[in-house]
2 protein chains.
Amino acid sequence: MERRAKQIAELLKVLANEYRLLILCELNKGPKTVSGLGEKMPNITQSALSQHLALLKAQGILDFSKSGQSVTYSIADHRVEEVMSVLKKHYCDKEN
Amino acid sequence: MERRAKQIAELLKVLANEYRLLILCELNKGPKTVSGLGEKMPNITQSALSQHLALLKAQGILDFSKSGQSVTYSIADHRVEEVMSVLKKHYCDKEN
DNA sequence: TAAGTATATTAGTAATTACTTAAATACTGA
DNA sequence: TCAGTATTTAAGTAATTACTAATATACTTA
């Protein structure tokens, strides 16, 4: 960990945002278009959502494909899924 | 996860720093005094280290005890240990 | 081709972070 | 009590983040 601390901190910075966590939660269930994601997150503007997606994509965490006018995002780096799963387990289950 | 996203993002923000990750790594091996931690992290000033410790303590992640002139820190919230362990597994092991 | 829809990008700004430097507090041993 | 050591706290600042508003791009359909 020692030598990787800086790199891992970078990853965690990307995860450390309410909306980016929600995006990953949704995409964990399966790929979704930008507007599909937007429907699940009514509190964020289209522009802000797009900026969060761009960041996750730039970090290699998400992949995307275009089809017609819509863009579908999916999780590319499956390691984050397991990180999410531990977070869920400890901070979301039942009486936490 | 959805309703907890904000809270989890707060936690991840605290973890998302190179030096705080190193502190947690060291304390994972066992409690250490501030100066003991400082020896393991020669690139940070004593003041900065103390501020990182204060943040981790404020979040309930660390506990501490005073004895004489020195302060010994230890991990209080064992959930973060498992988070660290997943990070280690995926981002530190072998050919990652 | 024009108008509408989906998404991305840009520029500007307020809030937050991480640091440095300096000083404060608390303990110890001569 | 004084000097030294360990640690914390406070103030100031530069860098980073997350947003809004506006505009741009790309596609579709009438």
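Reminder, nothing fancy here: chain letters follow the sequence lines and each chain counts from 1. Please read all numbers here as calculations on a predicted model, not as lab measurements.
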I need the single residue from B:I61, B:L62, B:N17 that forms a side chain to side chain contact (heavy atoms under 4.5 Å, CB included) with B:I23. Which is it?
B:L62
Give the rounded distance in Å between these two atoms: NZ of B:K66 and C1' of D:dT5.
15 Å
Can you sort out the partners of B:D63 under salt bridge (charged side-chain N to carboxylate O under 4.0 Å, His left out), two or more places apart, ordered by chain and number?
none
Contacts of B:S70 that satisfy side-chain contact (heavy atoms from CB on, under 4.5 Å) - sequence neighbours left out:
B:T33
Which residues pass the salt bridge (charged side-chain N to carboxylate O under 4.0 Å, His left out) test with B:E10, sequence neighbours left out?
B:K13
Expressed as a whole number of angstroms, how long is the span from B:M41:CE to D:dT7:P?
14 Å
Please state how far atom NZ in A:K6 lies from atom P in C:dA18, giving the value in whole angstrom units.
13 Å
Nearest-Å distance, CG (A:L62) to C1' (C:dT7)?
15 Å
Is there a side-chain contact between B:Y73 and the phosphate of D:dA6, meaning an N or O under 4.0 Å from OP1 or OP2?
no
Give every pair of a protein N or O atom and an N or O atom of nucleotides 4-6 of chain C that lie under 3.5 Å apart, one pair per line with the distance.
unit_1	atom_1	unit_2	atom_2	d
C:dT5	O2	A:Q69	OE1	2.4
C:dA6	O3'	A:Q69	O	3.4

B:I23 CD1 to D:dT7 C1': how many Å, rounded?
14 Å
Which residues pass the ring pair (Phe, Tyr, Trp, His ring centres under 6.0 Å) test with B:Y73, not counting sequence neighbours?
B:F64
Mind checking what makes side-chain hydrogen bond (donor to acceptor under 3.5 Å, both in side chains) contact with B:N28, not counting sequence neighbours?
none
I'd like a list of close polar pairs between nucleotides 17-25 of chain D and the protein, N/O only, cut-off under 3.5 Å.
unit_1	atom_1	unit_2	atom_2	d
D:dA18	OP1	A:N17	ND2	3.3
D:dA18	OP2	A:R20	NH1	3.1
D:dA18	OP2	A:R20	NH2	3.2
D:dC19	OP2	A:H52	NE2	2.5
D:dC19	N4	A:Q51	OE1	3.4
D:dT20	OP2	A:T45	OG1	3.4
D:dT20	O4	A:Q51	NE2	3.0
D:dA21	N6	A:S47	OG	2.8

Identify, with sequence neighbours excluded, every residue that meets side-chain hydrogen bond (donor to acceptor under 3.5 Å, both in side chains) alongside A:E82.
B:K89, B:H90
Just checking B:F64: base, sugar-phosphate only, or nothing, at a heavy-atom cut-off of under 4.0 Å?
nothing
Donor-acceptor contacts under 3.5 Å from residues 36-54 of chain B side chains, at least two apart:
unit_1	atom_1	unit_2	atom_2	d
B:T45	OG1	B:A48	N	3.1
B:S47	OG	B:Q51	NE2	3.1
B:H52	ND1	B:R20	NH1	3.0

